[in-house]
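Report on the following structure.
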Amino acid sequence: MILRMSSLFLRTLRDDPADAEVPSHRLLVRGGYVRRVAPGVFTWLPLGFLVYRNVENIVRAEMDAAGFQEVHFPALLPREPYEETNRWTEYGDTLFRLQDRKGADYLLGPTHEEMFTLLVKGEYSSYKDLPLVIYQIQTKYRDEARPRAGILRGREFVMKDSYSFDVDDAGLETSYQRHRDAYISTFDRLGLEYVIVSAMSGAMGGSASEEFLAMTEVGEDSFVRCSACDYAANVEAVVTPAPAAVDASDVPAAHAEDTPDTPTIETLVDISNSRPDLARSDRAWSGADTLKNVVFMVVDPEGNRTPLAIGLPGDREVDLKRLEAALSPSIAEPFEEADFDQHPALVKGYIGPGILGEEAASGIRYLLDPRVVAGTRWITGANEKGRHVYDFVAGRDFVGDGTIDVAEVREGDACPSCGGALVLARGIEIGHIFQLGRKYAEALDLKVLDENGKLVTVTMGSYGIGVSRAVAAIAEQSHDDRGLIWPREVAPADIHLIATGKADEVFEAAADLAQRLDAAGIRVLYDDRKGVSPGVKFNDSELLGIPTIVVVGKRLADGFIEVKDRRTGEREDVAVEDVFDVIRGILEA
RNA sequence: CGGGGCGUAGCGUAGUGGCUAGCGCGCCUGCUUUGGGAGCAGGAGAUCGGGAGUUCGAAUCUCCCCGCCCCGACCA
């Protein structure tokens with residue numbers, strides 16, 4: 001393949017586009033790889049489409065190598081299957097809906113669980129046919145509330161989605177592991193730096209779902225990783241280790257004190273330290289000595305509203321994402337003034353455990369942070385305006401109805417696996433593997449006969465890779481201030497060959513080299529533009545990011561051609577007769 | 001959906017009520033130039049996001065709408 005810049009459909013931009021913020025978006029637009037046509041909808045230009053296809057082909061090759069079979073569904077789908085699983089409704093505004101000329105409802109597929117399930121149901125009916133894994137690489141449509149960051153989060157994007165079908169849980173586990181392995185080789189081959197995080201809290205089902213996150217500052221998922229071991233998890237899934245119980249036998253009896261005007265933790269800590277009768281002799285009080293009690297209104301799927309109180313150390317906030325994950329499928333709403341009016345026992349700013357709990361005066365369910373173990377002593381609200389209780393000991397003076405692990409996770413928190421310090425990082429989800437179980441098979445009645453002639457419901461897994469997103473993720477991880485730097489396997493070409501100057505010999509030598517490289521199966525982008533200054537060509541080559549740059553120019557007269565590494569910037573002059581072999585050596589390395 | 005910023009030629013931008021909407025990049029023609037985004041000369045390219053209004057006069061002021069970007073909410 002020889003792409004000639006003189007005729008290539010490409011226009012690079014000297015300035016950053018004003019609407020692009022993140023590096024991948026900026027550079028892909030500047031480099032002429034993509035153009036926006038609508039919010040979250042992009043056109044791939046020739047160079048961009050080459051990169052995209054390279055990524056797609058790597059994904060396909062790895063899926064095929066794992067023994068999965070490729071199929072291809074339409075993107076345009078009828079309503080009925082999605083009606084059966086209730087997703088026509090559940091998907092809400094995110095679903096692109098349309099009607100045909102007769103007024104029948106259609107949708108543009110946001111994901112294809114229903115279609116795969118129905119396809120298998122139509123073809124297979126015996127355990128002997130399983131296990132089965134089929135996949136597709138398809139354009140998906142989701143009318144996201146906020147597409148952002150160019151290719152990274154679009155409304156039209158390409159996803160590889162596969163589905164596994166097994167008769168039993170052990171089979172599902174095996175299919176899941178096969179995908180996990182295939183994903184590792186895929187992302188390794190794509191040159192991505194990523195972590196695998198468990199996507200669900202341990203309480204909800206162990207390793208049933210894991211996400212592959214490409215590490216990048218502009219990612220939208222927060223996760224933690226351990227600085228000491230290989231633990232990594234979504235913030236929602238982090239399990240706070242409960243400390244050992246403390247001996248509190250020498251703690252004095254709890255005593256309530258007047259603490260006027262202390263509705264916040266900060267004001268409470270200040271007054272506790274500044275008044276001699278309250279201050280500690282050994283050290284100052286801190287927010288971590290206080291027990292904050294936060295009340296939420298929990299709304300279940302039927303719409304029933306139940307208050308829930310959460311007690312946690314005063315220096316931490318409740319993390320709303322963690323709370324949502326813990327309460328799912330119910331959701332949490334803030335406790336409004338009107339709700340306080342309904343529950344006069346709750347004194348805003350001075351709520352204490354005394355009245356909380358299903359058995360207590362308020363009847364409000366009261367859950368404690370795992371750090372609040374038996375024997376820990378706290379300063380907490382006395383349920384009277386302007387009063388707090390000191391030396392209030394968990395287990396002795398109060399108990400909760402259970403624990404809930406929804407406090408914010410902070411850098412430096414203890415790793416649940418080894419106790420090391422956790423660090424926070426950001427990533428973008430490029431893959432997700434998920435043990436679906438029998439949800440869709442049940443809804444769509446996918447059953448097979450087992451070896452005893454009995455009907456059993458098939459168990460499924462679903463596994464996705466964001467193919468177009470992976471292109472952006474690679475760009476995000478692999479660039480410098482001059483432009484993109486593609487890993488060779490996804491680069492639009494192996495060699496960016498530049499002819500500079502106006503001497504005919506230069507262009508003849510370059511054209512000849514291009515031919516020989518092409519004949520050897522090396523992909524060449526050849527800058528054969530006449531009358532374009534060397535500076536422009538060099539800058540373009542750095543912006544476009546092909547890993548090896550070869551310059552035929554003024555040193556040709558001395559018998560040399562320059563070979564440059566895009567990433568390191570290292571350049572060497574190579575004798576004309578050696579250039580071909582040197583390039584081949586670089587490509588084989 | 002909430003908060004913030006913004007919308008002028010393909011791209012980046014100037015222009016706070018008054019002349020024919022200015023500049024840079026890119027594009028076209030000619031000449032010169034060729035190792036780090038060249039020079040000179042000439043040229044094409046704009047319903048100033050849309051609509052309504054105020055005014056003798058609107059890119060500029062008012063109202064409504066549309067769209068974009070960022071943060072948050074939401075999100076297989």
Side-chain angles (χ1 to χ4, degrees), chain A residues 10-22 25-26 29-32 35-41 82 85 87 90-95 109-114 116 138 140-150 153-155 157 159-163 199 209 211 218 220-222 236 320-321 323-325 328 331-334 428-434 436 439-440 461-466 469 482-483 498-504 506-507 527 529-543 549 551-557 560-562 564 569 571 573:
Chain A
L10 170 73
R11 183 106 303 148
T12 57
L13 303 178
R14 186 181 292 219
D15 299 306
D16 281 335
D19 61 357
E21 189 88 356
V22 305
H25 187 192
R26 228 174 53 224
V29 172
R30 266 193 67 198
R35 290 289 182 260
R36 191 193 84 95
V37 299
V41 182
Y82 288 80
T85 53
R87 290 214 285 189
E90 276 177 10
Y91 243 98
D93 291 338
T94 306
L95 200 60
T111 172
H112 282 73
E113 280 83 358
E114 285 83 353
F116 273 85
Q138 238 299 2
K140 308 285 187 182
Y141 297 87
R142 293 183 196 169
D143 193 0
E144 300 279 355
R146 186 159 88 83
R148 59 175 290 270
R153 182 180 192 77
R155 296 193 298 168
F157 57 97
M159 179 158 102
K160 186 289 301 178
D161 50 328
S162 22
Y163 303 84
S209 173
E211 289 177 1
V218 303
E220 36 196 22
D221 298 312
S222 294
E236 289 92 320
L320 294 177
K321 282 194 166 182
L323 179 61
E324 295 280 327
S328 174
I331 58 163
E333 289 181 355
I428 180 83
E429 181 181 343
I430 46 172
H432 194 164
I433 51 179
F434 189 56
L436 279 180
K439 174 178 172 182
Y440 290 93
S462 85
Y463 317 88
I465 289 179
R469 177 180 280 182
R482 309 188 67 88
I498 298 175
T500 66
K502 55 178 179 179
D504 287 342
V506 165
F507 282 84
D527 196 342
R529 292 175 294 177
K530 298 259 171 70
V532 173
S533 75
V536 171
K537 293 187 175 184
F538 293 145
N539 279 308
D540 274 347
S541 71
E542 277 149 0
L543 175 60
I549 299 165
V551 184
V552 183
K554 65 175 185 189
R555 296 230 54 207
L556 182 69
F560 290 106
I561 286 175
E562 182 179 305
K564 208 161 53 163
R571 50 176 87 178
D573 283 327

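Computed from heavy atoms alone, side chains included, the values below leave out hydrogens, waters and symmetry copies. Residue numbering restarts at 1 for every chain, and letters A, B, ... go by the order of the sequence lines.
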Is a donor-acceptor contact shorter than 3.5 angstrom present between the side chain of A/Glu542 and the base of B/G36?
-> yes
Is there a donor on the side chain of A/Arg30 or the base of B/G37 sitting less than 3.5 Å from an acceptor on the other?
-> yes
Determine: side-chain N/O of A/Arg14 to OP1/OP2 of B/G26, distance under 4.0 Å, yes or no.
-> yes
With respect to the phosphate group of B/A38, does any side-chain polar atom (N or O) of A/Ser533 fall under 4.0 Å of OP1 or OP2?
-> yes
With a 3.5 Å limit on both atom pairs, tell me what [N] is paired to, counting Watson-Crick and G-U wobble, or say none.
N     : answer
B/G37 : none
B/C27 : B/G43
B/U16 : none
B/C48 : none
B/C6  : B/G67
B/U60 : none

Value in whole Å for how far the [atom2] atom of [N] lies from [atom1] of [X]:
X        : N     : atom1 : atom2 : answer
A/Asp143 : B/A76 : CG    : P     : 15 Å
A/Arg36  : B/G7  : CZ    : P     : 16 Å
A/Arg148 : B/C70 : CZ    : P     : 6 Å
A/Arg35  : B/G10 : CZ    : P     : 13 Å
A/Asp16  : B/C70 : CG    : C1'   : 16 Å
A/Leu543 : B/G37 : CG    : P     : 15 Å
A/Asn539 : B/G35 : CG    : P     : 14 Å
A/Lys554 : B/G36 : NZ    : C1'   : 11 Å

Among [options], find the nucleotide with the atom closest to the side chain of [X].
X        : options             : result
A/Arg87  : B/G26, B/G35, B/A76 : B/A76
A/Phe538 : B/A76, B/G37, B/G36 : B/G36
A/Glu21  : B/G37, B/C70, B/G26 : B/C70
A/Arg571 : B/G37, B/G35, B/U13 : B/G35
A/Asp15  : B/G37, B/G24, B/G35 : B/G24
A/Arg142 : B/A76, B/G36, B/G35 : B/A76
A/Val536 : B/G36, B/A76, B/G37 : B/G37
A/His432 : B/U13, B/C27, B/A76 : B/A76

[N] to [M] separation - [atom1] atoms, rounded to the nearest Å:
N     : M     : atom1 : value
B/U34 : B/A46 : C1'   : 35 Å
B/U20 : B/C66 : P     : 35 Å
B/C40 : B/C63 : P     : 46 Å
B/G15 : B/A9  : P     : 15 Å
B/C69 : B/G12 : P     : 13 Å
B/C23 : B/A44 : P     : 13 Å
B/U29 : B/C48 : C1'   : 29 Å
B/G43 : B/U47 : C1'   : 23 Å

Carboxylate-amine/guanidinium proximity below 4.0 Å for A/Glu113 and A/Arg87 | yes
What's [X] touching, base or sugar-phosphate or nothing? Going by heavy atoms closer than 4.0 Å.
X        : result
A/Pro17  : sugar-phosphate
A/Lys564 : base
A/Ala38  : nothing
A/Arg529 : nothing
A/Thr94  : nothing

Side-chain ([X]) to main-chain ([Y]) donor-acceptor, under 3.5 angstrom:
X        : Y        : answer
A/Arg155 : A/Gly40  : no
A/Arg30  : A/Leu13  : yes
A/Lys537 : A/Arg529 : yes

5'-most contact on RNA chain B: A/His25 or A/Val552, nearest heavy atom basis?
-> A/Val552
Sorted by position of nearest nucleotide on RNA chain B, 5' first, the leading residue of A/Arg11 and A/Pro110 is A/Arg11
Please examine the side chains of A/Ile561 and A/Arg555, heavy atoms only from C-beta on, and report whether any two atoms are closer than 4.5 Å.
-> no
If we count only N and O atoms by modelled type, under 3.5 Å, do the side chains of [X] and [Y] hold a donor and an acceptor together?
X        : Y        : result
A/Asp540 : A/Thr12  : yes
A/Asp161 : A/Tyr163 : yes
A/Arg482 : A/Asn539 : yes

Report yes or no: is the cationic atom of A/Lys564 (NZ for Lys, CZ for Arg) closer than 6.0 Å to the six-membered ring centre of A/Phe538, at no more than 45° off its axis?
-> yes
